[in-house]
Structure formats: structure tokens, C-alpha cells
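One structure is given below, encoded as C-alpha cells.
Residue numbers start from 1 in every chain, and the chains themselves are labelled A, B, ... in the order their sequence lines are given, proteins ahead of strands. No experiment lies behind these values; they were computed from the predicted model shown. The figures here come from the full heavy-atom set of this structure, side chains too, leaving out hydrogens, waters and symmetry mates.
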Amino acid sequence: MTGPSDILRELIRDAVLELADERGIKIEESVEVEVERPKREEHGDWATNIALQYSKVFGEKPRDLAMGIVNKLGSNPYIEKAEVAGPGFINFTLSRKWISELLINVIKDGPDFGRVNVGKGRKVQVEFVSANPTGPLHVGHGRGAAVGDVCANILAFAGWDVQREYYINDAGLQIDLLGKSTQARYFEICGEPGKAPFPEDGYKGAYIYELAQQILDEEGNRFLEIPPEESLPYFKDYACRVILEGIKKDLADFGVNFDMWFSEKSLYEGDLLQRTLETLKSNGYAYEADGATWFKATAFSDDKDRVLIRSNGAPTYFMSDIMYHKNKFDRGFDMVIDVWGADHHGYIPRMKAAVQALGRSPEDLQVLLIQFVNLLRGGKQVSMSTRSGEFVTLREVMEEVGVDAARYFFVMRRSDSHLDFDLDLAKSSTNENPVFYVQYAHARIHSIFREAKSRGVSMPENLESVDFSLLSSQEEVSLIRKIGSFPEEMAKAAEELAPHRVTFYLYDISSAFHSFYNAHRVLGVEPELEKARLCLVEACRVVIANSLKLLGVSAPEKM
RNA sequence: GCGCUUGUAGCUCAGUUGGAUAGAGCAACGGACUUCUAAUCCGUAGGUCGCAGGUUCGAAUCCUGCCAAGCGCGCCA
């Protein structure tokens with residue numbers, strides 16, 4: 001896309017080259033011009049530090065060089081002025097032409113405003129939540145769900161072809177343990193607890209009793225008649241299926257929908273295991289020793305090699321993961337994103353090594369770490385312990401604070417830093433709650449249009465005829481700049497896989513709107529000014545609505 | 001022992017491909033509604049960016065060392 005920053009970059013580059021040529025100074029054709037948005041309002045719309053970087057090459061003081069560059073700048077309809085400031089920055093202020101084009105574009109593009117094609121249609125898979133189907137989702141999974149989902153939204157908005165996937169760990173010991181736990185509770189309810197003892201590390205949550213009771217209701221006590229080993233598969237399948245259904249329901253109600261539910265079991269149905277091992281061996285990263293098959297992790301600066309196939313013939317979890325990732329890449333994804341709990345961070349180098357061993361770049365796998373959530377109620381930490389089965393479920397949080405607040409809170413911090421989730425705050429409808437703050441801004445704009453309608457005023461039909469130069473107050477200029485930065489902010493969020501940027505952006509633009517709203521009236525002012533302001537708040541509404549959409553948070557018209 | 005992450009205002013956090021006077025919110029204090037929603041706004045106050053060196057025109061940002069917190073290092077999953 002060609003935005004003002006690209007135009008500026010080119011203009012500045014030409015000026016620098018011309019100046020260098022004139023002075024007989026040799027510099028590279030590919031001058032790297034950096035333009036950035038200044039932190040301070042009075043420094044204009046864009047700034048460059050080019051004169052500071054090149055002052056040595058030119059043998060001139062930065063300020064003098066900056067002056068020279070400014071004098072060489074060709075005129076451009078989008079630039080109102082360029083001035084030298086501070087130690088040698090060049091600050092640019094954009095013209096009215098730019099402002100009116102911006103606002104007209106926002107209004108015309110509506111829900112599509114801000115789409116940038118940095119993904120260029122490449123395929124990316126976001127795999128997230130992927131909780132073992134051994135119990136209901138808890139708050140930690142909720143954060144992973146929100147972060148993964150919003151990331152997927154942002155990537156799609158930035159031009160990637162996105163697929164959402166949930167990896168079901170339906171093989172292995174945990175499912176075994178789940179089956180045994182359910183079975184033991186079943187016998188316990190039947191009054192024969194001796195038939196199968198509750199496993200030492202079994203799942204102790206109350207939901208296991210509920211599962212056992214359901215089985216008893218549906219099947220009666222017929223399992224008392226047969227040996228526990230024979231009925232175990234039934235308990236495993238039943239428990240796993242019902243819990244997974246619950247998880248799917250929770251996620252759907254949370255606004256998270258997956259394109260693919262991928263079963264771990266299915267990895268072993270074909271010859272993937274053999275093919276993966278062959279790939280690794282032919283690339284020189286797998287070998288046999290001590291009766292086991294090893295991964296040559298030391299080739300990737302791990303401190304020792306890792307087992308793939310145990311001497312008893314069973315593949316390790318690491319092997320499963322390698323197979324799974326080979327499968328992902330074989331499905332044609334250009335990039336694969338795994339969303340993991342932060343306690344798995346030590347596993348990243350190994351997984352990246354495996355990706356390289358499969359012949360891919362380590363950059364093709366991105367891992368997003370989700371730090372723990374610290375729930376607060378009444379200013380005190382809500383104690384949680386998975387072991388004892390005492391944890392707060394995602395459903396409880398959703399029901400207590402609502403989906404909007406829950407999603408917003410889960411993504412409002414960098415995902416790799418601890419999150420304090422204040423339940424009371426999320427529920428409150430006061431100025432302390434950021435969710436209400438941003439939703440309120442949206443509702444207020446709708447309220448303006450409702451009032452406008454009752455006065456018989458509506459948006460101007462011919463946007464080109466609106467005089468946007470009337471929007472010249474400090475509040476209006478700030479708001480326009482904020483609206484203009486939406487595409488690049490979203491592009492940044494996509495590039496950094498940083499959903500929290502969206503919440504910060506939303507807060508900023510809402511704040512700019514509220515300031516504007518308190519300082520100026522939209523309706524009842526001069527007709528020309530009223531037209532321009534209606535366009536301004538409509539553009540603002542579009543951008544707020546688009547941001548909320550990315551977060552999966554509703555944009556209420558009335559509050 | 002090795003490794004990863006974090007350390008910014010009283011609290012919760014942005015900012016980290018080096019840039020101008022380090023920014024928000026909450027809490028504190030003082031103000032603003034006869035008007036399109038006061039669920040809002042405006043102002044005041046609050047900082048040796050963990051500590052110490054280094055690199056340079058310039059460091060919260062890069063390098064080294066140290067301190068503190070959390071986590072990870074299995075032929076477990």
C-alpha cells in the first residue's frame with residue numbers, strides 16, 4: 001500500500017541523493033529512510049531522523065544538513081510543511097488534501113478500512129487452546145483462546161489466509177487416567193468401590209462424578225458384571241467425548257470457532273511415523289543407539305540428544321509433536337503458530353530444531369507463550385489448584401463478567417506477561433473499566449446520529465464537497481491522526497503477533513474521541529462545520545467498530 | 001549447575017529493529033453538565049526506566065557483569 005509514509009520516504013530519499021550529488025559526496029542509492037510518528041503532537045504527523053544519521057557522511061552538523069534536505073524537498077500536495085526541529089529532526093505536517101482523502105476512504109471502506117496486505121495471501125495456521133480433553137477449560141485456557149482467536153483475526157485482516165486448529169490429545173496416559181478415574185467413581189456410586197480403586201493421580205474434580213452418574217443413568221449398573229479391564233475403553237471414550245463436547249460448547253459460546261479439530265490418534269493411522277523418521281534420518285538428524293532412536297538435538301546447540309522412539313518401541317511425546325508439525329507443513333502452511341502455556345517455554349528451542357531438521361526455516365514456526373492468569377476478587381487472589389480439582393472454569397468467568405469483558409481482559413496485556421484479571425473490575429460499569437470506556441465511545445457516536453436523525457440531519461451525500469479544513473482544533477487534529485494510524489497499528493499487531501496492541505489502540509482512539517466530544521458539539525453548529533464533524537465521528541465510529549470486531553467484542557449502539 | 005522470561009510512577013502496565021522533555025489508567029488532590037449519553041472531560045502531583053560499567057552525536061532500548069522474581073532442563077505427557 002502507498003500511504004503518506006511511503007510517499008515521504010521516497011521524497012526524502014530523492015532529496016538526500018540530489019544533495020549528495022551536488023556536493024560530490026558518494027552515498028548508496030538505497031538510502032534507508034526511516035519515518036516515524038512523533039510522540040508529541042506539536043511535532044506534526046511524521047518525522048525523520050535522516051539528517052542525524054547522515055551528518056557524518058556529509059560532514060555537516062545535523063541541523064544544517066536537515067535544512068539542506070528540506071530545501072531540496074520537492075513540493076507535494078500531501079505535505080503542508082516540513083520543518084527542522086530539535087537536534088536535527090525534520091517534522092512533516094500533512095495537508096488538508098490528505099485529511100479529506102483519509103476520512104472519505106474510511107467512510108467508504110467501512111468494515112474493510114485498515115486491511116493491509118502484508119500477508120499477501122500466504123497460508124498460516126494458528127493452533128491454540130489444545131487442552132487435554134480431561135476436564136473443563138479453566139481461565140488459563142480462556143486466555144489462550146482469546147489470544148489465539150484475536151491473533152487469527154488480526155492476521156486475516158492483514159491479508160493472511162488463516163486456519164484455526166485445535167489439537168486433541170486423545171492418545172496417551174492422560175486419557176487412560178481419565179477413563180480410570182471415571183470408572184472408579186462409577187463403581188463408587190454403585191456402592192462397590194473395591195472393584196476398581198481410584199488412581200493415585202486421578203482426576204478429582206466433581207465433574208468426574210457427574211460423568212459417572214450420567215453413565216449410570218444411561219447404561220445402568222451392567223458394568224458391575226464384567227471385569228474392569230473390559231469396560232475401561234467404554235469409560236475412556238465416553239468421558240473423552242462428553243468432555244470434548246463441553247469444551248466445544250464453551251469455546252463456541254466464547255466466540256471462538258475452529259476450522260479443524262485435529263486428533264492426536266490420527267497421527268498414527270497412516271505411515272506418518274515412518275515417513276517422519278525417514279525424513280529425519282535422511283537429513284542426518286536421527287540415529288539408533290542403546291536400542292532407542294534419537295534426535296540429534298546437539299546439532300542445534302541443545303546440551304544433549306533427545307529420544308524419539310523408546311527402547312520399548314513406544315514413540316515419545318516429542319516424536320508425536322514432530323510428526324504433527326511435519327503434517328502441518330505438509331498441509332501447505334507457510335507459517336505455523338503454536339500458542340502454548342508459558343511453562344512450556346523450554347520446549348521451544350527443541351521444537352524449532354525439529355522444524356529445521358524437517359528442512360524448514362525455524363522462522364516458519366512461531367510460538368506464542370501465554371503467561372498465567374491471576375484472578376482477583378475483592379482485591380484478593382482467587383486460589384486455584386488443578387491438582388485438587390479446584391479451579392475456576394472459563395464458563396464461570398464468562399457467566400460472571402460476560403464474554404465481551406472476558407475477551408478484552410484476556411488480551412489487554414502482552415501475552416507473555418502475567419495477567420491480573422480483576423473480576424470485580426471486569427463486571428463494573430464505571431470509568432475504571434476499559435471495556436465500557438471504549439464501548440461507550442461507540443455508543444455515544446450512535447447517539448449523535450440518532451439525535452441527528454430526529455433533527456432531520458444526515459451524513460452529507462457528496463463527501464468530496466465537504467470542507468474538512470474546518471476540522472482544525474487540537475482535539476480534531478488528534479482524532480484524525482489517530483484514525484489515520486489505524487492501518488499501520490494493525491499491521492504492527494499482525495507482524496508482532498501482539499493482540500494487546502489492539503486494546504491499547506482502542507483505548508487511545510476512544511480517549512481522543514471523548515476529548516473531542518467534551519470540547520465540541522457536532523450538531524447545531526454552522527452547517528458546513530456540522531457536515532465535516534459528522535464525517536469525522538462517522539470515521540471514528542468505523543475504526544472503533546473495526547477494532548472491536550478484531551477483538552471479538554461487541555460494538556453496542558446504545559448503553 | 002545450565003538455559004529462558006521478567007524487573008519502568010504508590011498499584012496495574014505501554015513504550016524495547018537506538019532518537020526530541022520516558023507515556024497511559026487506577027489510587028490522591030482541584031475543577032467542568034440548562035446542550036449530541038458525566039459510564040465523560042480538563043488540570044495538579046507522582047520517575048536515579050533493578051544496580052554498575054561499556055558502545056556513540058544520542059541508551060529504558062544494544063553489549064558485559066551483578067542483584068531480585070518466576071519458569072524450564074526425563075527413554076514423563
Restricting to nitrogen or oxygen on both sides, can you table the protein-nucleotides 42-45 of chain B pairs closer than 3.5 Å?
from, atom 1, to, atom 2, distance (Å)
B/C42, OP1, A/S515, OG, 2.8

Under 3.5 Å between N/O atoms: give me all the protein pairs with nucleotides 71-75 of chain B, atom names plus distance.
from, atom 1, to, atom 2, distance (Å)
B/C71, O2', A/H345, NE2, 3.4
B/C71, O2, A/H345, NE2, 2.9
B/C75, O3', A/R310, NE, 3.4
B/C75, O2, A/S311, N, 3.0
B/C75, O2, A/S311, OG, 3.1
B/C75, N3, A/S311, OG, 3.3
B/C75, N4, A/D290, O, 3.3

Dump every N/O contact between nucleotides 19-23 of chain B and the protein below 3.5 Å, one line per pair.
from, atom 1, to, atom 2, distance (Å)
B/G19, N7, A/N49, ND2, 2.8
B/A20, OP2, A/K39, NZ, 3.1
B/A20, N6, A/N91, OD1, 2.9
B/A20, N1, A/N91, OD1, 3.1
B/A20, N1, A/N91, ND2, 3.1
B/U21, N3, A/R40, NH2, 3.3

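Nucleic acid contact for A/H446: none, since no nucleic acid atom lies under 4.0 Å from a heavy atom of the residue. Nucleic acid contact for A/A441: none, since no nucleic acid atom lies under 4.0 Å from a heavy atom of the residue. Using a 4.0 Å heavy-atom criterion, one finds that A/K558 contacts the bases of the nucleic acid, with or without backbone contacts as well.
Considering only residues two or more places apart in sequence or on other chains, A/E264 meets the salt bridge (Lys or Arg N to Asp or Glu O under 4.0 Å) condition with none of them. Partners of A/N518 under the side chain to side chain contact (heavy atoms under 4.5 Å, CB included) rule, at least two apart in sequence or in another chain, are A/R444. A search for salt bridge (Lys or Arg N to Asp or Glu O under 4.0 Å) contacts involving A/K236 returns A/D176, not counting sequence neighbours. Remark: A/L523 engages A/I448, A/E451, A/A452, A/R455, A/E530, A/L534 in a side chain to side chain contact (heavy atoms under 4.5 Å, CB included) (not counting sequence neighbours). The salt bridge (Lys or Arg N to Asp or Glu O under 4.0 Å) search around A/D416 returns A/R414, not counting sequence neighbours. Under the rule for a salt bridge (Lys or Arg N to Asp or Glu O under 4.0 Å), A/E34 has no partner lying at least two apart in sequence or in another chain. Residues satisfying the ring pair (Phe, Tyr, Trp, His ring centres under 6.0 Å) criterion with A/Y167, sequence neighbours excluded, are A/Y324.
Ring geometry for A/H418 against A/F372 counts as tilted: the plane angle lies between 30° and 60°, on a 0 to 90° scale. Between A/H500 and A/F504, the ring-plane angle classifies as perpendicular under the 30° and 60° cut-offs.
Listed nucleotides: B/U40, B/U56, B/A24. Nearest to the side chain of A/K56: B/U56. You'll find that the side chain of A/H500 is closest to B/A14, out of B/A24, B/A14, B/U35. Checked against B/U40, B/G70, B/A77, the side chain of A/H418 finds its nearest nucleotide in B/G70.
Taking side-chain N and O atoms only, A/R414 has a distance below 4.0 Å to OP1 or OP2 of B/U6. Residue A/Y437 has a polar side-chain atom (N or O) positioned under 4.0 Å from OP1 or OP2 of B/C41. Between B/A14 and A/S417, a contact under 4.0 Å exists linking OP1 or OP2 to a side-chain N or O.
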Return all side-chain donor-acceptor pairs below 3.5 angstrom for residues 82-93 of chain A, not counting sequence neighbours, or 'none' if the list is empty.
none

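In this structure, A/S415 contributes its side chain and A/L369 its backbone to a donor-acceptor pair below 3.5 Å. Between the side chain of A/N374 and the main chain of A/L419, no donor-acceptor pair closer than 3.5 Å is present.
Of the P atoms belonging to B/C57 and B/A14, the separation is 33 Å, rounded to the nearest Å. Taking atom P on both B/A59 and B/G1, the two are 34 Å apart, rounded to the nearest angstrom. The same atom, P, is picked in B/G30 and in B/C71; the two are 43 Å apart, to the nearest Å. The same atom, P, is picked in B/G3 and in B/C63; the two are 15 Å apart, to the nearest Å. One P atom belongs to B/G47, the other to B/C41, and the distance between them is 25 Å to the nearest Å. Rounded to the nearest Å, the gap between the P atom of B/G23 and that of B/A45 is 14 Å. Nucleotides B/U6 and B/U16 place their C1' atoms 13 Å apart, quoted to the nearest Å. The P atoms of B/G50 and B/A9 are separated by 8 Å, rounded to the nearest whole Å.
Distance CD1 (A/I445) to P (B/U40): 15 Å, rounded to an integer number of Å. The nearest whole Å value for the distance from the CG atom in A/L425 to the P atom in B/C11 is 18 Å. If you measure from atom CG of A/N374 to atom C1' of B/C11, you get 14 Å, rounded to the nearest angstrom. Rounded to an integer number of Å, the gap from NE2 of A/H442 to C1' of B/U40 is 17 Å. One atom, CZ of A/R533, and another, C1' of B/U35, lie 14 Å apart when rounded to the nearest Å. Atom CG of A/L506 and atom P of B/A14 are 17 Å apart (whole Å). To the nearest angstrom, P of B/U17 lies 16 Å from CD of A/E363. A straight line from CE of A/M559 to C1' of B/A38 spans 14 Å, rounded to a whole angstrom.
Between A/R455 and A/Y317, the residue anchored closer to the 5' end of RNA chain B is A/R455, taking for each the nucleotide with the nearest heavy atom. Both A/R413 and A/A443 lie close to RNA chain B; mapped to their nearest nucleotides by heavy-atom distance, the more 5′-ward contact belongs to A/R413.
Considering CD1 of A/I509 and OG of A/S547, their distance stands at 7.0 Å, rounded to 0.5 Å.
For the 3.5 Å distance criterion, the side chains of A/E475 and A/H520 qualify, holding a donor opposite an acceptor. Judged by distance alone, the side chains of A/Y203 and A/T182 never bring a donor and an acceptor atom under 3.5 Å apart.
Both the sub-6.0 Å distance and the 45° axial angle are not jointly satisfied by A/R306 relative to the ring of A/W294.
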Convert the base pairs of RNA chain B into dot-bracket notation, remembering that pairs crossing earlier ones are written with [ ] and that bases paired across to another strand are shown as |; include only Watson-Crick or G-U pairs under 3.5 Å.
(((((((..((((.....[...)))).(((((.......))))).....(((((..]....))))))))))))....
